[in-house]
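First up is the structure itself, then whatever we jot down about it.
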Amino acid sequence: MSVSMTGSGEVAAPVESSKSAMTWEPIFGGAAAAIGVTLILLLLGSGLGLTMVSPWSGQSSSLGTLGITAAIWLVLVQWLSSALGGYVTGRLRSKWAAVHTDEVFFRDTAHGFLSWALATIFVAGFLASSLTTLAGAGAQAVGSAAQAVGSTAAAAGTAAATSSTSPLDLSTAYFTDALLRPDQARAAATSNDAAATSEVSRILLNGAAEGQVPDEDKAYLATIVSARTGLSEADARARVDAVLKRIDDAKAATQKAADEARKAASTTALLGSLSLLVGAFIAAAAAALGGSQRDAEEDLVVTSRL
């Protein structure tokens, strides 16, 4: 605390309030109001969203429309709840006496920002808990489905054993098969179905790992297909090329879907962060507005003069 001396020898000391500039009661009140409005609007949005979805073909909105509508609704929920919570915070606080106008404005905006932060943390935790519960239910359903198909997986013992081996074992088995080609190819393909199926699987897995199937593997696959189906070499090679093209198309579709999901997640994160920033500003501005309206109404105390 700085002390100054006046010209007449008097000591001038600044007035320091013994009370904190932060009042938690209106902050908690505004946060509670924002949380309540957020939950109400989220339930309302869920109800409206269900009206846009139908199990009947051609009667539901597209996924793009649903996504855009949900994003717009979440932004509106954030802004409306922030405005109400900030305004309630500003109106509920008591009037600060002997405080400069700029300081009052700063305190009001700070109180509005804190109420927005508390409400946002609570809602984020609530949504995270809900998503975790849904994910747990989905995992349980997947586990039940896995147990249901357990007998089928056990019946395909050879294929399952091959798919459960390590990548190094698969690579070793692939090159071991390559060493035994091509003299025994037709004989093994016609006499041992399990061996032929396992070898074809290893070729396809190696092609998926390397990004393409070599020409010699394509020719070998055509030999096996010809021996198993009775097709000519040309027809068998055409069938191999058609299946490999379908595999490449499926891989390209998967990569495209993953890229679209990445872009959608990036856009959602950017829009979500921008919406939160705007919500914080709205809460602070609403608190300043509520505080100014609170201070505009002065209560005068009349005392009698003795």
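The basis for the numbers below is simple: all heavy atoms, side chains too, and nothing from hydrogens, waters or symmetry mates.
Minimum heavy-atom separation, Ala288 to Phe105: CB-CE1, 3.6 Å. Scanning both residues, Val240 and Lys218, for their nearest heavy atoms gives CG1-O, 4.2 Å. Residue Ala119 comes nearest to Ala31 through the heavy atom pair CB-O, 3.8 Å, listed as atom of the first residue, atom of the second, then distance.
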Point to revise | Derivation of the salt bridge (charged side-chain N to carboxylate O under 4.0 Å, His left out) call for Asp241 and Lys245 | key: CA-CA 6 Å; Asp241 292 337; Lys245 184 179 183 303; over 6 Å; no
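In this structure Arg262 satisfies the side-chain hydrogen bond (donor to acceptor under 3.5 Å, both in side chains) test together with Asp259, sequence neighbours excluded. Phe28 is linked by a ring pair (Phe, Tyr, Trp, His ring centres under 6.0 Å) to Trp24, counting only residues two or more places apart in sequence or in another chain. Partners of Phe122 under the side-chain contact (heavy atoms from CB on, under 4.5 Å) rule, at least two apart in sequence or in another chain, are Ile35. Partners of Ser46 under the side-chain hydrogen bond (donor to acceptor under 3.5 Å, both in side chains) rule, at least two apart in sequence or in another chain, do not exist in this structure. Considering only residues two or more places apart in sequence or on other chains, Asp248 meets the side-chain hydrogen bond (donor to acceptor under 3.5 Å, both in side chains) condition with none of them. For the side-chain contact (heavy atoms from CB on, under 4.5 Å) test, residues two or more places apart in sequence or in another chain that qualify with Thr267 are Leu271. Not a single side-chain hydrogen bond (donor to acceptor under 3.5 Å, both in side chains) links Lys256 to another residue, sequence neighbours left out. Residues meeting the salt bridge (Lys or Arg N to Asp or Glu O under 4.0 Å) test with Asp235, sequence neighbours left out: none. Under the salt bridge (Lys or Arg N to Asp or Glu O under 4.0 Å) criterion, Glu103 pairs with Arg107, sequence neighbours left out.
Other residues, nucleotides and ligands contribute only 12 or fewer heavy atoms inside 6.0 Å of the CZ atom of Arg239.
With rounding to the nearest 0.5 Å, the separation of OG in Ser232 from CZ in Arg237 is 12.5 Å. In this structure, the separation between CD1 on Ile72 and CG on Leu76 is 7.5 Å, given to the nearest 0.5 Å. Atom CG in Leu289 sits 13.0 Å away from atom OG1 in Thr109 (nearest 0.5 Å).
Val37 has its side chain within reach of Leu41: a pair of non-hydrogen atoms, C-beta onward, lies under 4.5 Å apart.
A salt bridge links Asp108 with Arg93: the distance from a Lys NZ or Arg NE/NH1/NH2 to an Asp or Glu carboxylate oxygen falls below 4.0 Å.
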If you look only at distance, which donor and acceptor atoms sit under 3.5 Å apart when one is on a side chain in residues 276-285 and the other is two or more places apart or in another chain?
none

Taking distance alone, no hydrogens or angles, what donor-acceptor pairs closer than 3.5 Å link side-chain atoms of residues 79-90 to residues at least two apart or in another chain?
residue	atom	partner	partner atom	Å
Trp79	NE1	Ser275	O	3.4
Ser81	OG	Thr38	OG1	3.2
Ser81	OG	Val77	O	2.7
Ser81	OG	Gln78	O	3.1
Ser82	OG	Gln78	O	2.6
Ser82	OG	Gln78	NE2	3.2
Tyr87	OH	Arg91	NH1	2.9
Tyr87	OH	Gln293	OE1	2.5
Thr89	OG1	Pro26	O	3.3
Thr89	OG1	Gly85	O	2.8
Thr89	OG1	Ser115	OG	3.3

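Residue pairs meeting the salt bridge (Lys or Arg N to Asp or Glu O under 4.0 Å) criterion with at least one partner in residues 71-87, sequence neighbours excluded, are absent.
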